[in-house]
Amino acid sequence: MTSLSARTPRFALVAHDARKDEIVEWVGLQLVPLSGMHVFSTGTTGSRIKTAFPELNVTCLKSGPLGGDQQIGAMICQAELDALIFFVDPLSPMPHDVDVKALTRLATVYDLPMACSRSTADLIVDGLLGEKTDERS
């Protein structure tokens with residue numbers, strides 16, 4: 001396996017509908033470290049990130065309910081990701097809850113760093129890239 005410092009880091013960014021604005025805002029706060037990596041994202045989330053930050057290297061996959069979660073799951077199984085940032089909405093019912101559980105299970109099985117909130121996402125960026133990225137007041 002190639003060390004993270006010897007290649008471009010690969011992050012998956014996913015957000016439920018109620019947290020899409022938050023993940024786009026978080027990307028803006030993490031623009032410097034994220035600009036040096038390859039971002040993979042489910043359809044709508046990725047499109048919103050690309051629109052807000054066209055300079056980022058973002059690959060949009062299918063929408064989560066249409067298979068995007070499974071595409072990211074396959075990438076986890078193939079060791080094609082270095083981290084998963086998944087802003088989950090714990091307060092809304094999710095029709096594709098089974099897909100969400102499968103994705104988080106795969107991240108756990110394959111020991112992939114995974115964050116479900118801003119603070120843990122910041123810690124993953126800090127830890128994997130060795131940079132101080134917390135810009136909260």
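- In this structure, CD in Q30 is found 8.5 Å from CD1 in I85, a value given to the nearest 0.5 Å.
- No option in I49, T51, V27, L34 other than I49 meets the side-chain contact (heavy atoms from CB on, under 4.5 Å) test with V58.
- For L106, the side-chain contact (heavy atoms from CB on, under 4.5 Å) partners two or more places apart in sequence, or in a different chain, are I76, C77, Y110.
- The heavy-atom pair separating S47 from C60 by the smallest distance is N-SG, 3.5 Å.
- Using a cutoff of 4.0 Å between basic side-chain nitrogens and carboxylate oxygens, K20 and D89 are not scored as salt-bridged.
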**Request:** Would you sort out whether K62 and Q71 count as a side chain to side chain contact (heavy atoms under 4.5 Å, CB included), showing the intermediate values?
**Result:** CA-CA 8 Å; K62 293 194 179 290; Q71 288 178 295; 3.3 Å; yes
Q: Run the numbers on L81 and F11 for side chain to side chain contact (heavy atoms under 4.5 Å, CB included), then give the verdict.
A: CA-CA 6 Å; L81 294 173; F11 276 32; over 6 Å; no
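- Between L31 and E55 the shortest side-chain heavy-atom distance falls below 4.5 Å.
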Exercise for review: Report the C-alpha separation of F86 and L13 in whole Å, then their side-chain angles, then the decisive distance to 0.1 Å, and conclude whether the side chain to side chain contact (heavy atoms under 4.5 Å, CB included) test is met.
Suggested key: CA-CA 6 Å; F86 192 168; L13 302 182; over 6 Å; no
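- Qualifying side-chain hydrogen bond (donor to acceptor under 3.5 Å, both in side chains) partners for T108, counting only residues two or more places apart in sequence or in other chains: none.
- Residues that satisfy the side-chain hydrogen bond (donor to acceptor under 3.5 Å, both in side chains) test with K50, not counting sequence neighbours, are absent from this structure.
- Nearest heavy atoms, I124 versus L84: CD1-O, 4.5 Å.
- For D82 (side chain) and P9 (main-chain N/O), no donor-acceptor pair under 3.5 Å exists by modelled atom type.
- Checked against side-chain contact (heavy atoms from CB on, under 4.5 Å), T59 has the following partners two or more places apart in sequence or in another chain: H38, F40, L61.
- Applying the side-chain hydrogen bond (donor to acceptor under 3.5 Å, both in side chains) criterion to E22, with sequence neighbours excluded, gives R19.
- Partners of S117 under the side-chain contact (heavy atoms from CB on, under 4.5 Å) rule, at least two apart in sequence or in another chain, are S119, T120.
- Of all heavy-atom pairs between T42 and G64, the closest is CB-N, 4.0 Å.
- Hydrophobic clustering places V109 together with L103 (ILVMFWY residues linked when any side-chain heavy atoms are closer than 4.5 Å, directly or through intermediates).
- In terms of the side-chain hydrogen bond (donor to acceptor under 3.5 Å, both in side chains) criterion, residue partners of D21 (sequence neighbours excluded) are, by chain and number, R48.
- The heavy-atom pair separating A107 from M114 by the smallest distance is CB-SD, 3.8 Å.
- Heavy atoms only, all atoms of each residue included: P113 and L128 are closest at CG-CD1, 4.4 Å.
- The heavy-atom pair separating G46 from S41 by the smallest distance is N-OG, 3.1 Å.
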(request) Would you check, one step at a time, whether the test side chain to side chain contact (heavy atoms under 4.5 Å, CB included) holds for T45 with I23? (result) CA-CA 8 Å; T45 302; I23 203 165; 3.8 Å; yes
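- For the side-chain contact (heavy atoms from CB on, under 4.5 Å) test, residues two or more places apart in sequence or in another chain that qualify with E25 are R118.
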